[in-house]
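What follows is a single structure, written as structure tokens, with notes after it.
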Number of protein chains: 2
Amino acid sequence: MFSKACKYGIRSVIYITKQSQLGRKVGLKEIAKAVDSPEAFTAKILQKLCRSKIIKSEKGPTGGFFIDEDKLHSVCLSHVVSTIDGDTVYNDCGLGMKSCNPKKPCPVHNQFMVIRNNLKTMLETTTMHSLASGVKSGLTFLKR
Amino acid sequence: MFSKACKYGIRSVIYITKQSQLGRKVGLKEIAKAVDSPEAFTAKILQKLCRSKIIKSEKGPTGGFFIDEDKLHSVCLSHVVSTIDGDTVYNDCGLGMKSCNPKKPCPVHNQFMVIRNNLKTMLETTTMHSLASGVKSGLTFLKR
DNA sequence: ATAGTAAAAGACATTATTGTCCGCTACTAA
DNA sequence: TTAGTAGCGGACAATAATGTCTTTTACTAT
Ligand code: FES
Ligand code: FES
């Protein structure tokens with residue numbers, strides 16, 4: 001469904017969100033440990049997310065990653081996914097044709113559109129904030 | 001969503017199905033041209049599909065790929081997908097945790113299960129036969 | 001100011017996926 | 001029986017994704 005990079009990215013942002021709700025900045029090492037992801041690789045992903053303004057970072061001691069107070073409730077899954085994986089999930093043809101064109105649909109176009117629209121809606125309505133609270137309340141987990 | 005191999009596989013099987021309905025066996029070259037896929041790579045994929053009994057092949061002149069009359073209506077998308085891509089679509093955690101375990105769900109588990117079940121149902125209820133008739137009637141296409 | 005810290009950036013290594021090539025085998029038709 | 005055909009199988013090549021390492025940059029606390 002998503003690339004590994006994207007999965008690490010989502011898990012990381014959920015963790016960062018959770019900690020930002022507590023007013024904490026978190027370092028790379030802590031994140032990688034919390035979500036069980038390769039450290040250096042995770043660094044690259046976080047850099048991307050910073051460049052796309054989804055998260056912020058500060059260098060030096062007491063530095064780390066965090067999310068602005070005002071963004072805490074607005075960031076949703078779709079932002080993270082499109083930053084890391086691009087818009088392929090939304091635009092690509094399910095059978096790999098040059099493009100997904102309703103005027104010249106592939107055999108599974110109609111069926112795919114249904115699934116894809118469900119997915120799209122889900123990604124756009126699921127906030128990182130809500131995912132983080134699941135973790136916070138111990139209902140969901142970020143590793144194992 | 002699916003690997004390229006899987007997409008080529010699906011397109012190929014649809015084409016083979018369409019031709020088998022007309023009682024024709026089709027050669028690799030013809031298939032690759034019809035679905036716009038790399039020939040040698042497609043050969044590998046067709047071999048897999050043969051080993052899993054989804055399609056059949058015959059060597060020598062007048063040989064080629066085809067689907068048994070009795071299977072023509074029973075083969076569905078899920079068979080092809082699980083042959084090529086395995087059961088990852090069904091079993092893997094959407095966030096890449098070791099396993100998708102409802103007892104220890106990841107933050108998006110519930111949301112994912114909905115999408116995945118939709119997808120699963122779609123794959124299991126969509127027959128290659130029905131996809132092939134769309135192509136036959138000119139409503140859908142296998143390349144471009 | 002300076003030493004220490006943590007992220008940024010770029011080069012590099014590994015692995016998985018995708019794609020190609022070629023000799024071998026099975027088959028058919030003449 | 002033999003020549004030609006078409007899929008099979010294994011080895012190989014190219015690319016993309018994943019993952020690592022090292023140096024530089026920005027910052028902060030002392
Ligand atoms: S054309 Fe294939 S999914 Fe739209
Ligand atoms: S645990 Fe992640 S999808 Fe089920």
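Since this is a predicted model, take the numbers as computed values, not measurements. Atom set for the values below is all heavy atoms of this structure, side chains included, hydrogens, waters and symmetry mates excluded. Here is how names work: the chains are called A, B, and so on, in the same order as the sequence lines, proteins then strands, and each is numbered from 1.
For A:Lys7 and D:dA17, the NZ to P distance is 14 Å, given to the nearest whole Å. Summarising the geometry, the separation between NZ on A:Lys48 and P on D:dA17 is reported as 10 Å, rounded to the nearest angstrom. Here D:dA26 presents its C1' atom at 13 Å from CZ of A:Phe65, a figure rounded to the nearest Å. Taking atom CD1 on B:Ile55 and atom C1' on D:dA6, their separation rounds to 14 Å, with Å as the unit. The interatomic distance linking A:Glu58 (CD) with D:dA26 (C1') rounds to 11 Å, in whole Å. Note: CG (A:Leu46) to C1' (D:dT20) measures 16 Å, nearest angstrom. In this structure, B:Phe66 places its CZ atom 12 Å from P of C:dC27, rounding to the nearest Å. The distance between atom NZ of A:Lys56 and atom C1' of C:dA6, rounded to the nearest whole Å, is 18 Å.
Listed by first and then second residue, the salt bridge (charged side-chain N to carboxylate O under 4.0 Å, His left out) pairs involving residues 118-142 of chain B amount to none (not counting sequence neighbours).
Checked against salt bridge (Lys or Arg N to Asp or Glu O under 4.0 Å), A:Lys25 has the following partners two or more places apart in sequence or in another chain: A:Glu58. Qualifying ring-ring contact (aromatic ring centres under 6.0 Å, His included) partners for B:Tyr90, counting only residues two or more places apart in sequence or in other chains: none. Not a single salt bridge (Lys or Arg N to Asp or Glu O under 4.0 Å) links A:Lys33 to another residue, sequence neighbours left out.
Contact between the side-chain N/O atoms of B:Arg51 and the OP1/OP2 oxygens of D:dG7 is not found at any separation under 4.0 Å.
Classification of the A:Tyr8-A:Phe41 ring pair by plane angle, with boundaries at 30° and 60°, yields perpendicular.
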(request) Could you run through nucleotides 14-26 of chain C and give me one letter per nucleotide, 5' to 3': B if any protein heavy atom sits under 4.0 Å from the base, S if only the sugar-phosphate is that close, - if neither? (result) ----SBB----BB
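Interface residues of residues 15-29 of chain A facing DNA chain D, ordered by number: none; criterion, heavy-atom separation under 4.0 Å.
Distance alone, capped at 3.5 Å, places no donor-acceptor pair between the A:Ser82 side chain and the A:Asp87 backbone. Between the side chain of B:Ser130 and the backbone N or O of B:Thr126 there is no donor-acceptor pair closer than 3.5 Å. The backbone N or O of B:Lys56 lies less than 3.5 Å from no partner atom in the side chain of B:Asp68, so there is not a single donor-acceptor pair.
Ranked by how close their nearest DNA chain D nucleotide is to the 5' end, B:Gln47 and A:Thr62 are led by B:Gln47.
Results of the side chain to side chain contact (heavy atoms under 4.5 Å, CB included) test with B:Gln111 over A:Leu123, A:Leu131, A:Leu77 single out A:Leu131 as the only residue that passes.
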